Number of protein chains: 2
Amino acid sequence: MPRPRIFDEDRVLQDVMKAFWRKGYLATSAEDLVKASGLGRSSLYNTFSSKAALFERSLDCYLTCTRQVAKTLSDTEASPEAAIREVFISALEPEVPERLGCLVTNTAIELAGQNERIAKMLQRHFDLLRQAFTEAIKRGQRNGEFNAELDPTGSAELLLTLLQGIRVQSKSATDSLILERTIDQALRLLH
Amino acid sequence: MPRPRIFDEDRVLQDVMKAFWRKGYLATSAEDLVKASGLGRSSLYNTFSSKAALFERSLDCYLTCTRQVAKTLSDTEASPEAAIREVFISALEPEVPERLGCLVTNTAIELAGQNERIAKMLQRHFDLLRQAFTEAIKRGQRNGEFNAELDPTGSAELLLTLLQGIRVQSKSATDSLILERTIDQALRLLH
DNA sequence: CCTGTTTTGTAACGATCATTACATTAAGGA
DNA sequence: TCCTTAATGTAATGATCGTTACAAAACAGG
């Protein structure tokens, strides 16, 4: 019998997530969130309690979304090398004019050091990504694309770390040429 | 004939830099800066104009300081491998309980995307670091420590990117075991 | 010992921060 | 249609933001 909501919670989380993604947690004001979501202040606070809680749910949204993308690494159809390259190329985000980077990387730097809950979320995410890389590498070794001598887990961690490093450098890079060559180097490591 | 200052400008910059390092630019308030520097508000603003200008000078301070440390990479006395390992190990900062990370990495994520001046400063810094790595690798190749087949510049960029990635992950890492193994992997790449 | 100049301390500025109080609106169940 | 209940819109909350105005203080040159 209550008055029904006129907005979709997931749609709001998506929009709010993009706002946090663009400017970071601190630099995004409640006013920004109101504008990004299209809701009134009351509705936002009624459904999400606080800016901090809203951010956590946005981050969670981003994490699951990113994991979906990382599923291509475990996809048994595609070539592991192509899948890995795809993940790295998307980090350069050549289509986006603003340098958004990655919400995971951004959050690790901005909040993980001081917020244990956030740190835990990110750590779990890194674990999952590392696992996905590991599987892709093992698959590549089985079908002969990659060097069978390599330690899959160690190489996966190397890729994961390189990915984060690319995310950092792409924030200040004017051209992505050097980073593209880094991706080539990283993939050559696996052969 | 004017009243002389009772503080040392460089000492203040060092203290202020640490404050920015610990909490980031936005999260550090003018009040924090006053407390960190020990000066009065007036003196701070009189000598450094604004929080933004103060940050730029602090960052500059950090950059030149870091470059001094990176000089070990060009040191012809020490072993290139040992020097490189030293740089990476220090990134894990096992002595510091709080996860400070690296002011360069933190700033790249927090500000470089929106502040072109800052982005330029960081880019120049990355260029210098890459150059230092390149020299160390070349030297290692000459004395037989490293694989002579490697492309020095590309490998240097790989190291630089890995370093940034380690800085990101160390923010959320509970133990540094995985990252230590990554360092081993990175150095094995050079052989 | 003045005088001039700059630093220093205090207090306040307007703006914006995240959050909330409250009245209004709207819809389902009776 | 009326009543209940929750969503909504508006306005304001105290706190804190970065910055500044101003008077008092302190030193160097005369």
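Hydrogens, waters and symmetry mates play no part in the numbers below; they use all other heavy atoms, side chains included. Keep in mind that this is a model prediction, so the values were computed, not measured.
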Is any side-chain N or O of B:Ser43 closer than 4.0 Å to OP1 or OP2 of C:dT7? no
What I want to check is whether the side chains of B:Glu9 and B:Thr47 have a donor and an acceptor closer together than 3.5 Å. no
Expected list for residues 157-169 of chain A: side-chain donor-acceptor pairs under 3.5 angstrom, two or more places apart:
residue: A:Glu157; atom: OE1; partner: A:Arg130; partner atom: NH1; Å: 2.3
residue: A:Glu157; atom: OE2; partner: A:Thr161; partner atom: OG1; Å: 3.1
residue: A:Glu157; atom: OE2; partner: B:Gln169; partner atom: NE2; Å: 3.4
residue: A:Glu157; atom: OE2; partner: B:Thr182; partner atom: OG1; Å: 3.4
residue: A:Thr161; atom: OG1; partner: A:Glu157; partner atom: O; Å: 2.8
residue: A:Thr161; atom: OG1; partner: B:Gln169; partner atom: OE1; Å: 2.7
residue: A:Gln164; atom: OE1; partner: A:Thr105; partner atom: OG1; Å: 2.7
residue: A:Gln169; atom: OE1; partner: B:Thr161; partner atom: OG1; Å: 2.8
residue: A:Gln169; atom: NE2; partner: B:Glu157; partner atom: OE2; Å: 3.4

Residue set satisfying ring-ring contact (aromatic ring centres under 6.0 Å, His included) with A:Tyr25, at least two apart, ordered chain then number -> A:Phe20, A:Phe55
Do nucleotides 15-24 of chain C as a string where each nucleotide becomes B, S or -: B if the base has a protein heavy atom under 4.0 Å, S if just the sugar-phosphate does, - if no protein is that close. --SSBBB---
Could you tell me the separation between the CZ atom of A:Phe7 and the P atom of D:dA7, rounded to a whole number of Å? 8 Å
In whole angstroms, the gap separating C1' of C:dT25 from CZ of A:Arg5 amounts to 16 Å
Is any side-chain N of the basic residue among B:Glu135 and B:Lys71 closer than 4.0 Å to the acidic one's carboxylate O? no
Between A:Phe48 (CZ) and D:dA6 (P), how many Å, whole number? 18 Å
Are the charged groups of A:Glu145 and A:Arg139 less than 4.0 angstrom apart, N to O? no
Can A:Arg11 and A:Asp15 be counted as an ion pair, charged N to O under 4.0 angstrom? yes
Once you apply a heavy-atom cut-off of 4.0 Å, does A:Ile6 come out as touching a base, just sugar-phosphate, or nothing? sugar-phosphate
